[in-house]
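See below for the structure under consideration.
Note that this is a predicted model, so its numbers are computed, not measured. Numbers restart at 1 for each chain; the letters A, B, ... are given by sequence-line order, proteins then strands.
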Amino acid sequence: MNAGNKLFYWKRWSTSIAGYLFISPWLLGFFLLTAWPMIQSFYYSFTDYVLLDSPRWLGFGNYTKMFTDDPKFIGSLKVTLLFVSFSVPLKLAFALLVAMLLNRNLKGMSVYRTIIYFPSLIGASVAVSILWSNIFGMDGLLNQLLGFLSIEGKSWIGNPDTALGTLVLLVVWQFGSSMVIFLAGLKQIPVELYEAASMDGARAISRFFRITLPMLSPVILFNLVLQTIGSFQMFTQAYIVTKGGPIDSTYMFALYLYEKAFARLEMGYASAMAWVFLLLMGAVTALVFASSERWVFYESEGGK
Amino acid sequence: MVSFKSLRYHLILIAFSFVMIYPVIWWLAAVFKPDAEMASANLLPKHPTFNNFTQGWNALSGYSFTHFYLNTFGLIAGVLFTTIVSNSLVAFGFARISFPLRNFWFAIVLITLMLPTQVTLVPQYVMFNHFGWVDTYLPFIVPHALAGGVGGTFFIFLLVQFIRGLPRELDEAAKVDGCSLFGIYWRIVLPLLKPALATVAIFCFLWNWDDFFGHLIYLNSVEKYTVGLALKMFIDSQSSTPWGQLFAMALVSVMPATVLFFFAQRQLVEGIATTGLKG
């Protein structure tokens, strides 16, 4: 090997080493805080591990118990699925509608956008959960307003039929980040498409279904996946506003996981729950992606 | 001249914005109401008072809210600093240096972006507990120092996208002048990265401020409590909820986010829109 070659190899080596040095914080974090914990969690899920006690092998014990002998677990899955399937479509529909309202070049648009976005900014906080638990309580804002119309209110949070609805409403109220993403997507649709359609005499409704929706479908898919994943994991609002009650009507999966792992320290069982949860979320996300082949329109493929 | 059509348009938007923001307006008014007026339907307080703030601030025995704010700001300062340092280094590595398996590792970054935290929650807790880190701020700061934590992988992605948009000629010129890779990172990329780092800092602040679940599981002693935990304790500590005080304290707790939002609105909205879309 001559000197030039040596230098070349040395340069390549040193660049590779430098690259790994630069990403080393993440790499270390990935192995220590993601990969290794996942392996451990998988192992724990087959044991009866309780914190401070050494784990004992159970085989599929936790998993069979979950599905045959734990109505609370099944209940929490049902509540979570119900919550996701109402909150996500409502939130996205609302976000799209408002994004279309705001997609005009008029004076003062940024003021409206700021006001409408504001609830989403403070959304996930304990503070807003406190506000919400008062608004929908017995003496809360909603019943005061209904009082003006001489309608007798009830405690919306204390009633198992409406409690989950108040949580859905809370997250729908915070449609801001989806709206901002829709707005950016709407701005990228070429105006010529609408002009051509108008010239051909297309009405607003058919322009919406034939231009806006197809052109926006990749963004809709993105928002749908993002919101579904987020919605599955909702914790703070349910923990503060309804505490899972009344009669477990808002007892979401994340609440149950919290109770098992950190109130009862049943780490083995909680790990098994987390894996079932991951599979469920993965399955739902995969379903969304699979269905997207039918409804997402990609311009670069020239449509389908 | 305002046409009739745009006037109608503004009216619709004003009405809609009003409905959206009404709960917040009502909240703003409620903090000045004495308890006796809480259940009345009036928006504005008849006998406005500032007591809710003064009493609420000291309502929890042992510590005033000053303590909880200092805790939270301290925690977030640590998290912000480590996030900025480690994420910018990692993003530079992914965006500008070619090394074996780079695409493989970056694909893993994208996969972990989707991974729900619940799966690693239990073993992480067991590990941190073993290290004696429970009831300290290390379970928040260490993951961020390793480019993880709340939003960590998202920030890597965001910064990589931004660095890829910077002209490569600058790097090449610096290389010709004998600049090392670290020199390119430190002297060229980092200064240009400021707007993206500002976006990262804003999101990092907001998300950590609201990371109630993380604070709930790792912080047990009131001395270490953050503002969110203190509010939760406030709800639990009284048998009949003092709504006025609770509302006042809740309002103060969203002030940092609100102030940040109004100062950096453009950055925030563009951050969501552009990085969100590229995902």
Residue [X] excluded, over 12 heavy atoms near [atom1] under 6.0 Å:
X       : atom1 : result
F262(B) : CZ    : yes
W186(B) : CH2   : no
Y20(A)  : OH    : yes

Counting only non-hydrogen atoms closer than 4.5 Å, does [X] touch chain A with its backbone (N, CA, C, O), its side chain (CB onward), both, or neither?
X       : value
F182(B) : both
V227(B) : neither
F18(B)  : neither
A30(B)  : neither
W105(B) : both
S17(B)  : both
L115(B) : side chain
T153(B) : side chain
F92(B)  : side chain
I156(B) : side chain
I97(B)  : side chain
D211(B) : neither

Heavy-atom pairs under 4.5 Å with chain A - which of [options] has more of them than the others?
options                            : value
T117(B), V119(B), V254(B)          : V119(B)
G148(B), P100(B), S180(B), A145(B) : P100(B)
Q124(B), M127(B), Q118(B)          : Q118(B)
T112(B), I12(B), T258(B), N87(B)   : T258(B)
V252(B), L121(B), V109(B)          : V109(B)
L260(B), L229(B), L101(B), I21(B)  : I21(B)

For [X], is it the side chain, the backbone, both or neither that has a heavy atom under 4.5 Å from a heavy atom of chain B?
X       : answer
I240(A) : side chain
K243(A) : side chain
I39(A)  : neither
I130(A) : both
M267(A) : both
S133(A) : both

Residues W275(A) and Y44(A): side-chain donor-acceptor under 3.5 angstrom: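 Looking only at side-chain atoms, Y44(A) and W275(A) do not form any donor-acceptor pair under 3.5 Å.
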Distance-only donor-acceptor check, side chains T72(B) and Y225(B), under 3.5 Å: no
Shorter than 4.5 Å, heavy atoms on both sides: which option in [options] has the most such pairs with chain B?
options                           : value
Q40(A), Q233(A), M109(A)          : Q233(A)
F253(A), F175(A), F232(A)         : F175(A)
S110(A), A274(A), S16(A)          : S16(A)
F118(A), W26(A), Y43(A), F30(A)   : W26(A)
I229(A), T114(A), L142(A)         : T114(A)
V111(A), L131(A), I115(A), T34(A) : L131(A)

Pair [X] and [Y], ring centroids less than 6.0 Å apart:
X       : Y       : result
Y22(B)  : W26(B)  : no
F22(A)  : F99(B)  : no
F154(B) : F157(B) : no

Just by distance, do the side chain of [X] and the backbone of [Y] share a donor-acceptor pair under 3.5 Å?
X       : Y       : result
R264(A) : E259(A) : no
W132(A) : V241(A) : no
H144(B) : V150(B) : yes
R113(A) : V180(A) : no

Listed partners of N223(A) passing side-chain contact (heavy atoms from CB on, under 4.5 Å), at least two apart: L92(A), S178(A), I181(A), F182(A), V219(A)
D171(B) and K175(B) ion-paired at < 4.0 Å: no
Result of checking F213(B), F140(B), F155(B), F212(B) against W207(B) for ring pair (Phe, Tyr, Trp, His ring centres under 6.0 Å):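 Option passing the ring pair (Phe, Tyr, Trp, His ring centres under 6.0 Å) with W207(B): F155(B).
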With sequence neighbours excluded, residues passing salt bridge (charged side-chain N to carboxylate O under 4.0 Å, His left out) with R12(A):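 In terms of salt bridge (charged side-chain N to carboxylate O under 4.0 Å, His left out), with neighbours along the sequence ignored, R12(A) is linked to no residue.
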Geometric class of the F205(B)/W209(B) ring pair [parallel <30°, tilted 30-60°, perpendicular >60°]: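 Taking F205(B) first and then W209(B), their aromatic rings lie parallel (interplane angle under 30°).
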